[in-house]
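Notes follow once the structure below has been shown.
Heavy-atom basis, side chains included; hydrogens, waters and symmetry copies ignored. Read the numbers this way: they start at 1 and go in the same order the structure lists the ligands and their atoms.
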Amino acid sequence: MHIAIIGAGITGLMSALELLEQGCSITILDQQAAGQAASWAGGGILSPMYPWRYPNAVNTLARHAKPLYQAWNQKLQPSSGIDFQIHNTGMLIFDESDFEIGLRYAEQYQDPQQQAQLLDQRQLGQINPRVDQTKFKQALYFPELANIRNPRLLKSIISYLRQHPRVIWQEHCKISQLDIQQGHVQQISSENGLSFQADQFVIATGAWSAYWSEQLGFNIPVQPVQGQMLLFKTPEHWLPSMCMHKVMYLIPRRDGHVLCGSSMRQVGFDTSPSPEIRQDIFTACLEMVPELADFPMVKQWAGLRPSSPDGIPYIGKVPHLDNLWINFGQFRNGLCMGAASGKLLAQLMLEQPTFVDPEPYNPAQRLETQALAV
Ligand SMILES: Cc1cc2nc3c(=O)[nH]c(=O)nc-3n(C[C@H](O)[C@H](O)[C@H](O)COP(=O)(O)OP(=O)(O)OC[C@H]3O[C@@H](n4cnc5c(N)ncnc54)[C@H](O)[C@@H]3O)c2cc1C
């Protein structure tokens with residue numbers, strides 16, 4: 001079976017990997033270079049930020065992130081030569097109002113990755129001596145939470161897929177038209193007049209996905225939500241754990257880089273970073289770790305999250321069409337849901353038993369209530 005996937009972010013790429021594993025051949029299309037949009041810009045925390053604030057459907061996919069990425073890292077590394085560094089730093093959360101509910105969440109799910117404990121000041125100092133203990137005397141600690149180096153993850157997948165004999169690449173190729181006849185996509189066409197045929201088609205176009213509303217006859221409620229990020233360079237192992245307070249966070253990488261984020265703004269498809277937001281993020285992160293001010297900021301950027309109602313992605317077949325599938329709307333959690341989103345889509349497309357209940361992500365009912373008047 002030949003499958004054309006529109007969108008080479010983490011969602012499209014993981015879908016491609018899973019389908020290839022099952023013997024399919026793939027054409028990957030992107031309007032720009034692969035792996036340069038939200039999936040590059042994100043932080044790579046392998047969990048929703050405060051999981052108890054999210055619907056079960058989001059956490060269910062996110063919970064598979066670490067084991068699935070570990071397995072992919074092993075599989076891809078020999079051919080890509082890239083270790084995408086699943087960094088087990090644990091996470092400290094300083095929002096007091098979340099302590100109790102966070103502990104209850106951890107207890108309820110008994111998931112080894114979501115074990116949690118409330119640290120007192122002495123324990124906090126031992127786990128992360130960089131935290132400002134004049135401000136924070138306690139923290140909720142998730143010792144098993146990890147982050148992934150997402151730009152390397154993308155590089156590794158892309159390198160593997162470029163070497164794969166059953167993959168065709170079409171970058172800088174914006175798909176603008178679905179040619180639909182009698183409930184079947186015959187082909188898709190690009191802005192510059194190229195057409196592509198396949199047995200099945202997948203739309204994994206992230207924040208750009210509402211573009212398809214008109215052609216599909218549904219209002220697709222996916223909007224770009226800009227997030228900005230700062231990058232600092234500290235010595236290796238300088239910051240021992242991820243830290244979070246008031247939805248702002250610090251993420252240490254193995255080589256001493258520390259990512260700080262992030263903002264949330266609806267400004268269309270604008271990805272220009274701004275000095276005001278840089279200051280907001282910087283101030284919030286210094287509150288947690290004041291000594292960060294001693295180190296150079298090496299970069300600032302913005303990316304576009306694909307928002308969706310409740311943050312639950314749409315994964316499944318498009319209603320009334322027999323060969324068009326979608327996988328988008330992962331919002332703030334596309335990196336941690338990416339591996340499982342791809343796996344679920346592949347199982348649905350190949351009519352295999354699914355490893356999670358697919359219903360919460362099923363586009364059928366959710367999109368049909370959004371049918372556009374004609
Ligand atoms: C600042 C920030 C921090 C984040 N932190 C985290 C985090 O810590 N953990 C986490 O899990 N998630 C995080 N996220 C969210 C995560 O990055 C996204 O949910 C995820 O990357 C979405 O992946 P995607 O593949 O759906 O979209 P994208 O990576 O945006 O890929 C979509 C692709 O589709 C292509 N495309 C669109 N339209 C067309 C078309 N018509 N034709 C051809 N190609 C097209 C685009 O060019 C793009 O390459 C963060 C996001 C941001 C911005």
field: Proximity to ligand 1 by part of F331, non-hydrogen separation under 4.0 Å
entry: backbone

query: Going by the order shown, which atoms of ligand 1 are within less than 4.0 Å of some heavy atom of C336?
result: 10 (C), 11 (O)

message: Using a 4.0 Å cut-off to any heavy atom of W212, which atoms of ligand 1 qualify?
response: 41 (N)

Residue pair Y141 / I93, side-chain heavy-atom distance below 4.5 Å: no

- request: Would you please test D95 and Y50 for side-chain hydrogen bond (donor to acceptor under 3.5 Å, both in side chains) and show each step?
  value: CA-CA 10 Å; D95 305 68; Y50 304 81; 2.9 Å; yes

message: Set out, in order, the CA-CA distance, both residues' side-chain angles and the distance that settles ring-ring contact (aromatic ring centres under 6.0 Å, His included) for F232 and F295, then state yes or no.
response: CA-CA 7 Å; F232 290 82; F295 299 100; 8.6 Å; no

query: Quick one: which ligand 1 atoms are inside 4.0 Å of a heavy atom on Q32?
result: 47 (O)

statement: Which of K155, R254, R149 passes salt bridge (charged side-chain N to carboxylate O under 4.0 Å, His left out) with D83? It is R254

statement: Exactly one candidate in S47, S341, P48 meets side-chain contact (heavy atoms from CB on, under 4.5 Å) with C336; the answer is P48

field: Non-hydrogen atom of P48 closer than 4.0 Å to ligand 1
entry: no

- prompt: Just distances here: any N/O of G227 and N/O of ligand 1 closer than 3.5 Å?
  reply: no

query: Of all the atoms in ligand 1, which lie at a distance below 4.0 Å from a heavy atom belonging to G42?
result: 2 (C), 3 (C), 4 (C), 5 (N), 50 (C), 51 (C), 52 (C)

field: Electrostatic pair K137-D132, nearest N-O below 4.0 angstrom
entry: no

task: Pick out which of R265, R305, Q266 makes a side-chain contact (heavy atoms from CB on, under 4.5 Å) with Q226.
output: R265

query: What part of P306 sits under 4.0 Å from ligand 1 if we count only heavy atoms: the side chain, the backbone, both or neither?
result: side chain

task: Name the closest protein heavy atom to atom 1 (C) of ligand 1, giving the residue it belongs to and the distance to 0.1 Å.
output: S262 OG, 3.4 Å

query: What atoms of ligand 1 come closer than 4.0 angstrom to any heavy atom of G7?
result: 33 (C), 34 (O), 35 (C)

query: Is it true that a side-chain atom of N323 and a backbone atom of V185 form a donor plus acceptor pair closer than 3.5 Å?
result: yes

query: For D111 and R63, what are the C-alpha separation, side-chain angles and deciding distance, and is it a salt bridge (charged side-chain N to carboxylate O under 4.0 Å, His left out)?
result: CA-CA 9 Å; D111 174 350; R63 250 175 239 138; 3.4 Å; yes

- prompt: At a non-hydrogen distance cut-off of under 4.0 Å, which region of W301 contacts ligand 1 (side chain, backbone, both, or neither)?
  reply: neither

- request: Please step through salt bridge (charged side-chain N to carboxylate O under 4.0 Å, His left out) for the pair K343 and E21, ending with a clear verdict.
  value: CA-CA 10 Å; K343 188 174 165 112; E21 284 288 288; over 6 Å; no

message: Any heavy atom of Y249 closer to ligand 1 than 4.0 angstrom?
response: yes

Contacting atoms of ligand 1, where contact means under 4.0 angstrom from a heavy atom of A204: 32 (C), 34 (O)

- prompt: Would you say the side chains of H87 and N147 form a donor-acceptor pair under 3.5 Å?
  reply: no

field: Those atoms of ligand 1 less than 4.0 Å from some heavy atom in N333
entry: 10 (C), 11 (O), 12 (N)

field: Best match, I251, L61, T205, D30: closest heavy atom to atom 46 (C) of ligand 1
entry: D30

- prompt: Would you say ligand 1 has an N or O under 3.5 Å from any N or O of L335?
  reply: yes

query: Mind checking whether G12 has an N or O less than 3.5 Å away from an N or O of ligand 1?
result: no

message: In this structure, does ligand 1 have an atom that sits under 4.0 Å from one of the heavy atoms of A207?
response: no

task: May I ask you to check whether over 12 heavy atoms, not counting those of Q77, lie within 6.0 Å of atom CD?
output: yes

- prompt: Has R104 got its NZ or CZ under 6.0 Å from the middle of the six-membered ring of W52, at an angle within 45 degrees of the ring axis?
  reply: no

- prompt: Using heavy atoms and a threshold below 4.0 Å, how should the contact between M229 and ligand 1 be classified: side chain, backbone, both, or neither?
  reply: side chain

message: Quick test: of every protein heavy atom, which one is nearest to atom 43 (C) of ligand 1, and how far off is it to 0.1 Å?
response: Q31 N, 3.2 Å

query: What part of M337, side chain, backbone, both or neither, has a heavy atom within less than 4.0 angstrom of ligand 1?
result: neither

message: Suppose we measure from atom 24 (P) of ligand 1 to each protein heavy atom; which comes out shortest, and what is that distance?
response: T11 OG1, 3.3 Å

task: Indicate yes or no for a side-chain donor-acceptor contact from D30 to the backbone of E171 under 3.5 Å, with no hydrogens or angles considered.
output: no

- prompt: Does K174 make a cation-pi contact with Y211, if we ask for NZ or CZ under 6.0 Å from the ring centre and within 45° of the axis?
  reply: yes

query: What residue and atom, counting heavy atoms only, is the protein's closest point to atom 17 (O) of ligand 1, and at what distance?
result: A38 O, 3.2 Å

task: Would you kindly specify which portion of S39 sits under 4.0 Å from ligand 1, judged on non-hydrogen atoms: side chain, backbone, both or neither?
output: both

task: Give the residue, atom name and distance (to 0.1 Å) of the protein heavy atom nearest atom 14 (N) of ligand 1.
output: R332 O, 3.5 Å

task: Mark up the atoms of ligand 1 that fall under 4.0 Å of a heavy atom belonging to I175, in ascending order.
output: 40 (C), 41 (N), 42 (N), 43 (C)

- prompt: Can you tell me which residue and heavy atom of the protein come closest to atom 9 (N) of ligand 1, and the distance to 0.1 Å?
  reply: I45 O, 3.1 Å

